[in-house]
Protein chains: 2
Amino acid sequence: MLSKKTKYGIKALVHLAKQEESSPVQIGTISLAENISQKFLESILLSLKKTGFLGSKKGKGGGYYLLKDPKDIPMTTVMRVLEGPIAMVPCVSLNFYEKCADCPDENTCAVNKIMLEVRDSTLKIFKNTTLHDLCL
Amino acid sequence: MLSKKTKYGIKALVHLAKQEESSPVQIGTISLAENISQKFLESILLSLKKTGFLGSKKGKGGGYYLLKDPKDIPMTTVMRVLEGPIAMVPCVSLNFYEKCADCPDENTCAVNKIMLEVRDSTLKIFKNTTLHDLCL
DNA sequence: TTTTACCCTACTAAATCTATAGGGTATTAG
DNA sequence: CTAATACCCTATAGATTTAGTAGGGTAAAA
């Protein structure tokens with residue numbers, strides 16, 4: 001299941017991507033428009049800033065804005081920053097790989113096998129979908 | 001992320017599907033072979049019995065056994081019983097649908113849109129993979 | 001210089017996960 | 001018959017994660 005953090009984060013990014021001018025949007029504006037707790041959204045936007053998706057401007061007329069063209073932001077990067085691994089088990093994760101404690105051999109593991117397939121098909125979708133595509 | 005319950009459940013089902021004879025297999029045997037806590041496995045197998053996947057035999061020489069041919073058990077049904085919804089958000093779930101509290105309109109929701117795609121591709125894999133396929 | 005709006009830390013209630021504990025009961029081998 | 005086997009069932013609990021809340025600090029601009 002997708003965490004609220006990820007869901008809200010995507011919604012906020014889409015909100016920003018939909019702006020015609022690239023002028024900063026305030027947290028309060030987004031939280032109101034997308035029905036998100038303002039303080040919670042604040043922490044999400046902050047992490048999106050730290051990971052290089054957003055820029056910010058302080059003071060009056062300030063807010064957050066996208067640093068890149070929405071067409072250049074694939075959903076893989078968004079998902080990995082907000083949600084973490086895309087795979088359903090760590091042993092098939094590309095960016096968050098971990099060996100399973102209980103599993104003696106990944107190559108003969110039935111779970112590994114099918115989850116690898118699922119990861120590939122999901123990854124394909126996220127790779128071929130940009131933030132811009134979500135705005136249509 | 002896949003819960004241990006689901007992971008262990010699949011491993012146990014595969015273990016049973018690999019049996020040549022359909023004689024019952026004891027919990028202890030499975031827990032030892034698959035490195036799963038026996039008591040935890042017990043509760044998982046019990047739930048698989050209640051949902052119609054397994055039969056059991058008490059007393060000496062007893063254990064659990066599959067009720068159907070592994071070729072007739074698609075992973076969709078396994079996943080739904082063990083893990084719950086296949087979709088990443090309730091609003092795109094077929095069997096566990098729930099409306100999002102924050103979202104005014106699903107049809108224009110960006111998250112809904114992409115998660116629907118992911119659900120479809122994942123579902124397709126689970127539908128076309130049976131327990132038997134995992135034994136190869 | 002005051003207001004605005006981002007920045008940061010710490011904490012917490014609730015839920016879920018991953019078991020463990022401790023026994024009860026039906027079945028069957030001998 | 002009876003004793004061992006192995007499933008059946010309930011309750012509980014520690015750990016982790018989630019989804020926030022509280023409370024203030026700081027930089028920038030009007």
Side-chain angles (χ1 to χ4, degrees), chain A residues 1-12 16 23-67 82-85 88-90 96 98 100-102, chain B residues 1-12 16 23-51 53-67 82-85 88-90 96 98 100-103:
Chain A
M1 278 283 156
L2 212 66
S3 68
K4 301 260 186 200
K5 181 187 171 191
T6 304
K7 191 182 166 194
Y8 293 163
I10 294 173
K11 283 192 170 190
L16 291 172
S23 58
V25 181
Q26 301 165 29
I27 297 175
T29 305
I30 302 175
S31 95
L32 211 67
E34 308 293 341
N35 288 303
I36 306 171
S37 145
Q38 176 153 348
K39 277 290 192 180
F40 191 28
L41 180 59
E42 209 175 306
S43 73
I44 297 168
L45 293 180
L46 208 54
S47 85
L48 285 172
K49 188 200 165 171
K50 284 182 181 166
T51 46
F53 289 91
L54 301 180
S56 66
K57 204 181 156 189
K58 289 185 180 179
K60 203 167 195 173
Y64 285 98
Y65 52 90
L66 280 176
L67 284 176
L82 290 171
E83 186 74 6
M88 293 182 97
V89 274
F96 300 83
E98 259 178 73
C100 296
D102 59 293
Chain B
M1 280 282 154
L2 211 66
S3 68
K4 300 257 186 202
K5 181 188 170 190
T6 304
K7 191 181 167 194
Y8 293 163
I10 294 173
K11 283 192 170 189
L16 291 173
S23 58
V25 181
Q26 300 164 30
I27 297 174
T29 305
I30 302 175
S31 96
L32 211 68
E34 308 294 341
N35 289 304
I36 306 170
S37 144
Q38 176 153 347
K39 277 290 192 179
F40 191 28
L41 180 60
E42 208 175 305
S43 73
I44 296 168
L45 293 180
L46 208 54
S47 84
L48 286 172
K49 187 200 166 172
K50 283 181 181 168
T51 47
F53 288 91
L54 301 180
S56 66
K57 202 181 158 188
K58 289 185 179 178
K60 202 166 194 174
Y64 284 97
Y65 52 90
L66 280 176
L67 284 176
L82 289 171
E83 186 76 4
M88 292 181 99
V89 274
F96 299 82
E98 260 179 73
C100 297
D102 58 293
C103 198

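Quick caveat: nothing in here was measured; it's all calculated off a predicted structure.
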Sugar-phosphate, base or nothing in reach of [X], heavy atoms under 4.0 Å:
{"X": "Gly63(B)", "result": "sugar-phosphate"}
{"X": "Lys4(B)", "result": "sugar-phosphate"}
{"X": "Leu45(B)", "result": "nothing"}

> Pick the nucleotide of DNA chain C nearest each of Glu83(B) and Gly59(B); which residue has the one closer to the 5' end?
Replying inline: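 Going by which nucleotide is closer to the 5' end, it is Glu83(B).
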> How long is the line joining CG of Leu54(A) and P of dC7(C), in whole Å?
Replying inline: 10 Å
>> Using whole Å, what does the distance between atom C1' of nucleotide dT16(C) and atom NZ of Lys5(B) come to?
In response: 12 Å
>> Quick one, Phe40(B) and Lys4(B) - any side-chain contact, counting heavy atoms below 4.5 Å?
In response: yes
> Side-chain contact, heavy-atom cut-off 4.5 Å: Leu54(B) with Leu67(B)?
Replying inline: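 No; the side chains remain at least 4.5 Å from each other.
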> Do the side-chain N or O atoms of Tyr64(B) get closer than 4.0 angstrom to the phosphate oxygens (OP1, OP2) of dC8(D)?
Replying inline: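 For dC8(D), OP1 or OP2 has a side-chain N or O of Tyr64(B) closer than 4.0 Å.
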> Is there a donor and acceptor pair closer than 3.5 Å between the side chain of Glu42(B) and the base of dC8(D)?
Replying inline: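 It does, because a donor-acceptor pair links the side chain of Glu42(B) to the base of dC8(D) below 3.5 Å.
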> Over its full length, what angle do the end axes of the helix from dT1(C)-dA30(D) to dG30(C)-dC1(D) make, each axis taken from five pairs and the result rounded to 10 degrees?
Replying inline: 10°
> Which listed nucleotide (dC8(D), dC7(D), dG20(D)) is nearest to the side chain of Tyr8(A)?
Replying inline: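 Of the options given, the side chain of Tyr8(A) lies nearest dG20(D).
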> Taking the side chain of Lys58(A) as heavy atoms from C-beta outward, which of dC7(C), dA6(D), dA30(D) is closest to it?
Replying inline: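 Closest nucleotide to the Lys58(A) side chain: dC7(C).
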> For Val25(B), does its backbone N or O pair with a side-chain atom of Thr29(B) as donor and acceptor, under 3.5 Å?
Replying inline: no
>> Check Asp102(B) with Lys11(A), please: is the shortest side-chain N to carboxylate O separation under 4.0 Å?
In response: yes
